[in-house]
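Numbered from 1 within each chain, the chains take letters A, B, ... in sequence-line order. None of the values given here were measured: they were computed from a predicted structure.
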There are 2 protein chains.
Amino acid sequence: MAGDNGRDGEGWATMGEVAARAGVSPMTVSRVLKEPGRVRPTTRTRVEAAIAELGYVPDAAAGALASRQSRLVAALVSTLAGSIFASTIAGLGAVLREAGHELLLGTTEYSSSSEEALLRAVLGRRPGGLVLSAGQHTPAARRLLERATRGLGVPVVEIWQLPERPVDMAVGFSNFAAGRAMTAFLADLGYRRIAFVGVLGPDDFRGLRRHAGYREALAERGLGEPRAFGSGGSGGSVEDGARGLAAVLERWPDCDAVFCGSDPLAFGAIAEAARRGLAVPGELAVAGFGDFDYAGEAGLALTTVRIPGERIGRETARLLLERKAGRLEGPVVVDLGFELVRRRTA
Amino acid sequence: MAGDNGRDGEGWATMGEVAARAGVSPMTVSRVLKEPGRVRPTTRTRVEAAIAELGYVPDAAAGALASRQSRLVAALVSTLAGSIFASTIAGLGAVLREAGHELLLGTTEYSSSSEEALLRAVLGRRPGGLVLSAGQHTPAARRLLERATRGLGVPVVEIWQLPERPVDMAVGFSNFAAGRAMTAFLADLGYRRIAFVGVLGPDDFRGLRRHAGYREALAERGLGEPRAFGSGGSGGSVEDGARGLAAVLERWPDCDAVFCGSDPLAFGAIAEAARRGLAVPGELAVAGFGDFDYAGEAGLALTTVRIPGERIGRETARLLLERKAGRLEGPVVVDLGFELVRRRTA
DNA sequence: CGACATTATGGTAGCGCTAACATCGCTAGC
DNA sequence: GCTAGCGATGTTAGCGCTACCATAATGTCG
């Protein structure tokens, strides 16, 4: 079977074999691959033929070793589930690929203890850039990161939030501002007894910031004490939303609006409201966060906060590329903002 | 700043530097890393101290080149959006990481023309395994794959469906059987005029198989002509579901059930039904596919088909590892099945 | 038409690591 | 006390590629 396509030997063809077949030196083959313009067309054609005949695919590890360029960018996100980061990763990958880089992906699944191990594994690949979603890093991880970016010049981008003290660069939006804006928006709409349902575990930094924004808006407008319910763990599910609304209503039965820290939570809240015969938004307004697919007019018609997920990915890639090209100095923080989307639940 | 942690030199510490500091040869350092049991404890401690002091992180590319083992597994999925593959990738990554491998991720975004480019890029990394979600490959891509698995012994796993002619191995379930089972289930429930709304573009192989299963079930039970509406492109959104139901109802106003090719479509259909004042399931039953988060009791309470997404990932990793260990011969196809979940929409 | 600037190609030397074998020091056995 | 045998460590030789410099082939002009 071997030899059907390509060659008979063991393993992959090497550049030397291609060179021999084309009657040139390995160096010329290398140039055909990387700077075709610098090789005479006739030679180039010959080399390209040899490449095709042998089914040659250059060994990236050898190339990386020799050139000290891995053409690899590592992205470490907390999770892929819930479609939160998916579009960001897609955008990141698309831009990167166009520039000839590949994406090495790691998920920490919200356990920051495994973050360090993952980081070490990934750094061993000598990535040309690092993308991180986590808000807080273990001290050891932070040290590794500092060293990578400060000492070794590896660009690092933290995404989906704007850290006070970025390791290097950051692309995202202010969860605090978004939380405050939506709460203020609800207040402007006339709602007075606004509750908050979110994930308030210590690991979910972003949820915490949204909640802080909510409280801030309440205080600014003198809307009384916060009415917040935080589902614990790694929540943020539809069930958590239903439970959250139930808990809130039990404690503060007179609420006229609930701001949920994520669209799934809002979904759960709406379903729970329906179960209780509460008209939305007539008797209870509901707002979400994220503008998931199903939040649109055809689905929930949810009033929510839209986050430019894919743009975060693309912008991150752009920054990485710019910095590698030396066209970017110093710390960079890009605020891509957010957008309040009013639909029919508030 | 350099030297804060680790060393002052340019770039990363090398194994040779660690060796010098510990007063041993590089080979001993290598052994401490890979087979600590074969190094005397006192020596090992010394080496480990040197590693820590220098913040040494071994260069995986060099290791790969020398050992001809990349410890990299590449996964090529059509998309990350819609949370379809997310849990599979998470499961895959988790198991792989435990075994000391990393995940190289590529998304084709349903364009099979870019699949070949992606495949080439990824093969350059000499992955120890390949995971693919696409059903059909371009001839060139297929040739590359055949060569990789047949000629070079790279394990390949196709996931989320069971191809008739697998490249190497496959882990998934039968979309045909699932489509048929849900349709038959609806029939058993007493529904007689069952429509289908799905993505029927030529690129979505899985949707096509589900649709085929639907037709088969209809034929088996003599339920008359199929009533199918396929949204074209890369659809599968909530909007497509709403539009799909509208189209179906216009053409066949007497439908008593709709089977949707995915949960988002089902969501759209339910929303559209509500808009038209149709009681679900009283006047119109709706079934979905996928058992997304929001399909649960707390949300849509959707009758749907549950797919073991994460298990597919884990099983895939297991197969890859097994085959690499030489404990697995010949083609392997693992059918992980599916589960009909009856909730309150049918 | 020969000196010179170009352009095209080749040779050499490693990148950082590990497989395979060589060597050393030690304990065990008689 | 000598050697077989073992465990611990070192030496050598690349893995496949690219930077860098050298050389050869081509073109340019007085």
B:R125 CZ to D:dC17 P: how many Å, rounded? 13 Å
Partners of A:R120 by side-chain contact (heavy atoms from CB on, under 4.5 Å), sequence neighbours excluded? A:E116, A:L144, B:V57
Apply side-chain contact (heavy atoms from CB on, under 4.5 Å) to B:A62 and list each qualifying residue two or more places apart in sequence or on a separate chain. A:L65, B:D59
Which protein N or O atoms sit under 3.5 Å from an N or O of nucleotides 6-10 of chain C?
from   : atom 1 : to    : atom 2 : distance (Å)
C:dT9  : OP1    : A:T43 : OG1    : 2.4
C:dT9  : OP2    : A:R40 : N      : 2.9
C:dG10 : OP2    : A:S25 : N      : 2.8
C:dG10 : OP2    : A:S25 : OG     : 3.2
C:dG10 : OP2    : A:T28 : OG1    : 2.6
C:dG10 : N7     : A:R31 : NH2    : 3.0

A:A19: which residues meet the side-chain contact (heavy atoms from CB on, under 4.5 Å) condition with it, sequence neighbours left out? A:V24, A:P26, A:V29
Interface polar pairs with nucleotides 15-17 of chain C, N/O, under 3.5 angstrom:
from   : atom 1 : to    : atom 2 : distance (Å)
C:dC15 : O3'    : A:R68 : NH2    : 3.1
C:dC15 : O2     : A:A66 : N      : 3.3
C:dG16 : OP1    : A:R68 : NH2    : 2.8
C:dG16 : N2     : B:A62 : O      : 3.3
C:dC17 : OP1    : B:Y56 : OH     : 2.4
C:dC17 : OP1    : B:D59 : N      : 3.1
C:dC17 : OP2    : B:M15 : N      : 2.4

Charged N to carboxylate O under 4.0 angstrom, A:R21 versus A:E17? no
Residue set satisfying salt bridge (Lys or Arg N to Asp or Glu O under 4.0 Å) with B:R323, at least two apart, ordered chain then number -> B:D168
Sorted by chain and number, sequence neighbours left out, salt bridge (Lys or Arg N to Asp or Glu O under 4.0 Å) with B:R327 holds for B:E322
How would you list all residue pairs meeting side-chain hydrogen bond (donor to acceptor under 3.5 Å, both in side chains) that involve residues 90-102 of chain B, not counting sequence neighbours? A:R125-B:E102
Qualifying ring-ring contact (aromatic ring centres under 6.0 Å, His included) pairs with a residue from residues 37-63 of chain B, counting only residues at least two apart or across chains: none
Show me the donor-acceptor pairs, under 3.5 Å and distance only, between side chains in residues 33-51 of chain B and residues at least two apart or in other chains.
from  : atom 1 : to    : atom 2 : distance (Å)
B:T45 : OG1    : B:P41 : O      : 2.6
B:R46 : NH1    : B:A22 : O      : 2.6

Compile the donor-acceptor pairs under 3.5 Å between side chains in residues 310-319 of chain B and protein atoms, sequence neighbours left out, one pair per line.
from   : atom 1 : to     : atom 2 : distance (Å)
B:E310 : OE2    : B:R314 : NE     : 3.1
B:E310 : OE2    : B:R314 : NH2    : 3.4
B:E315 : OE1    : B:R318 : NE     : 3.3
B:E315 : OE2    : B:R318 : NH2    : 2.9
B:T316 : OG1    : B:I312 : O      : 2.6

Given axes from five pairs at either end, by how many degrees does the helix from C:dC1-D:dG30 to C:dC30-D:dG1 bend, rounded to 10°? 40°
